[in-house]
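What you see is a predicted model; the values in this text were computed from it and never measured.
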Amino acid sequence: DFSARLAAAQAVLRQAAASGRVAQASSLGAEDVVITDIIRRLRLDIPVFVLDTGMLHTETLALLERTQALPGLTVEVYRPRQEAVIEFIRAQGQDAMYRSIELRKRCCGIRKMEPLERALKGRDGWITGLRREQSNARADVPAIDTSEVTATGRTKFNPLADWTLGDVWHYVAEHQVDYNPLHDQFYPSIGCAPCTRAITLGEDFRAGRWWWEDESAKECGLHVSASTPEKAPA
C-alpha cells in the first residue's frame with residue numbers, strides 16, 4: 001500500500017510540474033521535507049518557498065539553512081514587512097496572540113498571509129503537505145484541489161493527502177531525510193515558537209498549535225478554502 005501511495009504522490013508532483021508555474025510551500029515539517037525530497041529525486045523543476053515569520057524556532061531556522069544548501073534545489077524565503085510587524089507589536093504588544101483569536105489572526109495575517117500572497121504571485125499552483133489524517137478540518141483534503149481556481153487562478157496540489165503519519169516517517173527513515181529535531185520532542189506540527197507546544201499521548205496531531213483556542217479556530221488562514229469559510233468560534 002505504501003508503494004502505491006508513494007507512486008500516487010509522485011504522479012501528483014509530476015502533474016503539478018507540468019501544469020505551469022508552481023512552487024512548494026514548505027513549513028519544514030515532516031510532510032514538507034518528504035515532498036522536497038521526492039521533488040529532488042524526480043528532478044522536477046519545482047522551487048520551494050518558506051515563510052520565515054520572524055518567530056520560528058531555532059531548530060526550524062537551522063533546518064532552513066541546511067535545506068538551502070541542498071544541491072539542485074531552489075529555496076525562496078519570504079518574510080513579513082518589517083514596518084507592519086513593528087506597528088502591530090507597538091500597538092498590541094509582543095504577546096497579543098494570546099489575548100484574542102482576532103489578534104492572533106491579525107498576527108498570522110502580517111507574518112504569514114501577506115508574505116504568502118507575495119510568494120504565490122504569478123503562480124499557477126502550489127504544493128502543500130496537507131494530509132487528511134492531520135485534523136477533522138482537513139479530513140476531506142483532495143490530492144488535487146481546484147476549489148480556489150475561480151477566485152485565484154491557482155490549483156493546490158496535496159500529494160500526501162492520503163498518507164498516514166506512519167507513511168511519512170517510513171519515507172523519512174527509508175531515505176534518511178533531514179528533519180526538524182523538534183519532532184523527536186513530540187511536536188508533530190511546528191509553527192511559530194510562541195504558538196506551538198509539544199503534545200501528549202492521545203491528543204490530536206494539531207493540538208499543540210494555538211492550544212489556548214477553541215478547536216474550530218485552529219487555522220491561520222493559509223489552508224482555508226475560499227468556498228469553505230472558517231467556522232466562527234463557539
Listed by chain and number, what are the side chain to side chain donor-acceptor pair (under 3.5 Å) partners of [X], not counting sequence neighbours?
| X | value |
| --- | --- |
| Arg131 | Glu31, Glu133 |
| Thr58 | none |
| Asp178 | Arg66 |
| Glu59 | none |

Got a sec, which pairs hit salt bridge (charged side-chain N to carboxylate O under 4.0 Å, His left out) with one end in residues 182-195, sequence neighbours left out?
-> none
Between Arg197 and Glu203, is there a salt bridge with N-O shorter than 4.0 Å?
-> yes
Distance-only side-chain donor-acceptor flag, Asn180 / Tyr187, under 3.5 Å = no
If we ignore hydrogens and angles and just use 3.5 Å, is the side chain of [X] paired with the main-chain N or O of [Y] as donor and acceptor?
| X | Y | value |
| --- | --- | --- |
| Arg111 | Leu51 | no |
| Thr146 | Val149 | no |
| Asn158 | Leu130 | no |
| His183 | Ala30 | yes |
| Thr196 | Gly191 | yes |

Which pairs, with at least one residue in residues 92-113 and sequence neighbours excluded, count as a ring-ring contact (aromatic ring centres under 6.0 Å, His included)?
-> Tyr98-Trp212
Going only through I, L, V, M, F, W and Y residues with side-chain contacts under 4.5 Å, is there a path from Leu44 to Ile38?
-> yes
Verdict with supporting geometry, Phe2 and Glu174, side chain to side chain contact (heavy atoms under 4.5 Å, CB included) = CA-CA 12 Å; Phe2 173 75; Glu174 185 174 46; 4.0 Å; yes
Enumerate donor-acceptor pairs with a distance under 3.5 Å from any side-chain N or O in residues 81-88 to protein atoms, sequence neighbours excluded.
unit_1: Arg81; atom_1: NE; unit_2: Glu114; atom_2: OE2; d: 3.1
unit_1: Arg81; atom_1: NH2; unit_2: Glu114; atom_2: OE2; d: 3.4

Distance-only check: which donor-acceptor pairs under 3.5 Å involve side-chain atoms of residues 162-169, not counting sequence neighbours?
unit_1: Trp163; atom_1: NE1; unit_2: Arg5; atom_2: O; d: 3.2
unit_1: Thr164; atom_1: OG1; unit_2: Gly166; atom_2: N; d: 3.3
unit_1: Thr164; atom_1: OG1; unit_2: Asp167; atom_2: N; d: 3.0
unit_1: Thr164; atom_1: OG1; unit_2: Asp167; atom_2: OD2; d: 3.2
unit_1: Asp167; atom_1: OD1; unit_2: Arg5; atom_2: NH2; d: 3.2
unit_1: Asp167; atom_1: OD2; unit_2: Arg5; atom_2: NE; d: 2.7
unit_1: Asp167; atom_1: OD2; unit_2: Arg5; atom_2: NH2; d: 3.3
unit_1: Asp167; atom_1: OD2; unit_2: Thr164; atom_2: N; d: 2.9

Atom CD of Gln176: over 12 foreign heavy atoms under 6.0 Å | no
In chain order, what residues pass the salt bridge (charged side-chain N to carboxylate O under 4.0 Å, His left out) check against [X], with sequence neighbours excluded?
| X | value |
| --- | --- |
| Asp52 | Arg79 |
| Arg14 | none |
| Arg99 | none |

Name all pairs fulfilling the side-chain hydrogen bond (donor to acceptor under 3.5 Å, both in side chains) condition that reach into residues 15-24, sequence neighbours left out, sorted by first residue then second.
-> Gln24-Thr36
